[in-house]
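What follows is a single structure, written as structure tokens, with notes after it.
When a ligand or atom number is given, it counts from 1 through the structure's own listing order. Predicted model only: the values in this text are computed from it and were never measured.
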Amino acid sequence: MQFKKVFLGRRSIRKYKDKKIPLSVIGEILDLARFSPSAGNLQNWKFLVVTDVNKKNSIAESCFQQYWMTSAPVIIIICNDYSDVKKHYGKLGQMFSIQNCANIAFAIELIAYDLGLSSSWVGAFDNEALHRDFDIPENMDPEIILTLGYADEVKKPSNRNDLKYITFFEKWGEKFAQVPSHLDQFKEFTNIKKHIKKLKKK
Ligand SMILES: Cc1cc2nc3c(=O)[nH]c(=O)nc-3n(C[C@H](O)[C@H](O)[C@H](O)COP(=O)(O)O)c2cc1C
């Protein structure tokens, strides 16, 4: 898929079809995602891939009753194996280890979308409950949870703050008027969709 289409098309999906994801596809996603950048190339991520119905229920419970998660055929708990990062980077280590996990989480979302799957990031969970229920070692943290599956809802590209409100030029507060609006990209994306529809009709 064209990169821009993948980037703008990805949405957080919270309703999934009752359709299994082949293990080979999950493998392909994670295999690619591990090429995400990390501080010092320390790659402090570990994946816990969960498909069992009871375990998915227990995760949803630990995510403060986000039961929509159970419709996803796969839930991935990305664990932060922070020891080495903290050893290498001292005070910065904690922040780097989280940034590294965030990198790979978003990579997984984009790669999955490129392969026809959808996902949602879940950051609200009870850390201790996940440690306990999944025997996650004490020296690492569940950092990010991703649901993965075939979307059973359709979403347009989501809205974002305009670039002119979030971008300063050279100096804090100095507006950079020339930056293109995300709305232009949105238009381009919807035009692509219309164009594809037209082509299909022909
Ligand atoms: C750090 C983080 C935590 C999030 N936690 C949750 C969550 O607990 N539950 C949920 O449904 N979505 C969660 N999301 C998804 C956001 O709600 C979503 O990314 C945002 O609304 C933008 O929508 P989009 O992903 O469709 O573009 C989280 C996203 C991030 C980056």
Side-chain angles (χ1 to χ4, degrees), residues 1-17 29-30 33 36-39 44-50 55-82 85 94-131 133-134 136 140-163 165-167 181-190 192-193:
M1 225 190 267
Q2 191 199 350
F3 179 73
K4 217 181 208 181
K5 246 184 113 185
V6 172
F7 201 77
L8 293 174
R10 180 220 59 84
R11 290 296 315 274
S12 292
I13 292 298
R14 300 181 181 87
K15 204 170 166 225
Y16 298 94
K17 288 185 179 144
I29 294 168
L30 297 180
S36 299
S38 59
N44 57 296
W45 38 63
K46 298 273 192 291
F47 309 119
L48 188 56
V49 179
V50 178
K55 288 179 181 166
K56 285 192 295 177
N57 262 316
S58 135
I59 295 175
E61 185 70 38
S62 298
C63 293
F64 308 111
Q65 290 89 41
Q66 296 195 61
Y67 293 115
W68 62 265
M69 296 173 74
T70 58
S71 78
V74 172
I75 297 180
I76 301 176
I77 305 176
I78 301 175
C79 293
N80 181 354
D81 187 1
Y82 50 75
V85 191
Q94 163 107 354
M95 184 177 69
F96 282 180
S97 71
I98 296 170
Q99 289 182 5
N100 294 341
C101 288
N103 269 347
I104 201 158
F106 193 44
I108 291 171
E109 290 205 285
L110 293 176
I111 296 164
Y113 190 72
D114 187 48
L115 294 175
L117 289 161
S118 289
S119 61
S120 183
W121 184 307
V122 178
F125 53 80
D126 179 340
N127 187 319
E128 279 175 24
L130 288 177
H131 262 115
D133 296 343
F134 290 90
I136 296 170
M140 58 184 80
D141 269 335
E143 195 65 65
I144 294 153
I145 300 179
L146 295 176
T147 54
L148 216 58
Y150 298 94
D152 200 16
E153 60 178 331
V154 179
K155 285 184 167 180
K156 282 183 180 166
S158 66
N159 212 1
R160 293 292 190 260
N161 295 330
D162 203 286
L163 213 49
Y165 300 118
I166 57 169
T167 310
S181 159
H182 77 285
L183 288 175
D184 297 338
Q185 294 186 12
F186 179 82
K187 272 182 212 145
E188 197 178 317
F189 179 83
T190 47
I192 288 168
K193 276 176 98 175

Polar atom proximity, A124 to ligand 1 (N or O, under 3.5 Å): yes
Ligand 1-proximal atoms of S158, by part, heavy-atom distance under 4.0 Å: side chain
Side chain, backbone, both or neither: the part of R160 lying under 4.0 Å from ligand 1 by heavy atom: side chain
Atom 14 (N) of ligand 1 - nearest protein heavy atom and its distance: W121 O, 3.1 Å
F7: partners by ring-ring contact (aromatic ring centres under 6.0 Å, His included), with sequence neighbours left out: F3, F106
Distance filter under 4.0 Å to G123 heavy atoms, resulting ligand 1 atoms: 3 (C), 4 (C), 5 (N), 6 (C), 7 (C), 8 (O)
Atoms of ligand 1 close to R11 [distance to a heavy atom under 4.0 angstrom, numbered from 1]: 24 (P), 26 (O), 27 (O)
S58 versus F134, closest heavy-atom pair with distance: OG-CE1, 3.8 Å
Ligand 1 atoms in contact with Q66 (distance to a heavy atom under 4.0 Å): 7 (C), 8 (O), 9 (N), 10 (C), 11 (O)
Residue portion contacting ligand 1 (non-hydrogen atoms closer than 4.0 Å) for W68: side chain
R10 touching ligand 1 at heavy-atom level, < 4.0 angstrom: yes
Region of R14 engaging ligand 1 - heavy atom pairs below 4.0 Å: side chain
Any protein heavy atom < 4.0 Å from atom 28 (C) of ligand 1: yes
Side chain to side chain contact (heavy atoms under 4.5 Å, CB included) involving S120 - partner list, sequence neighbours excluded: S12, R14, Y16, W68, T147
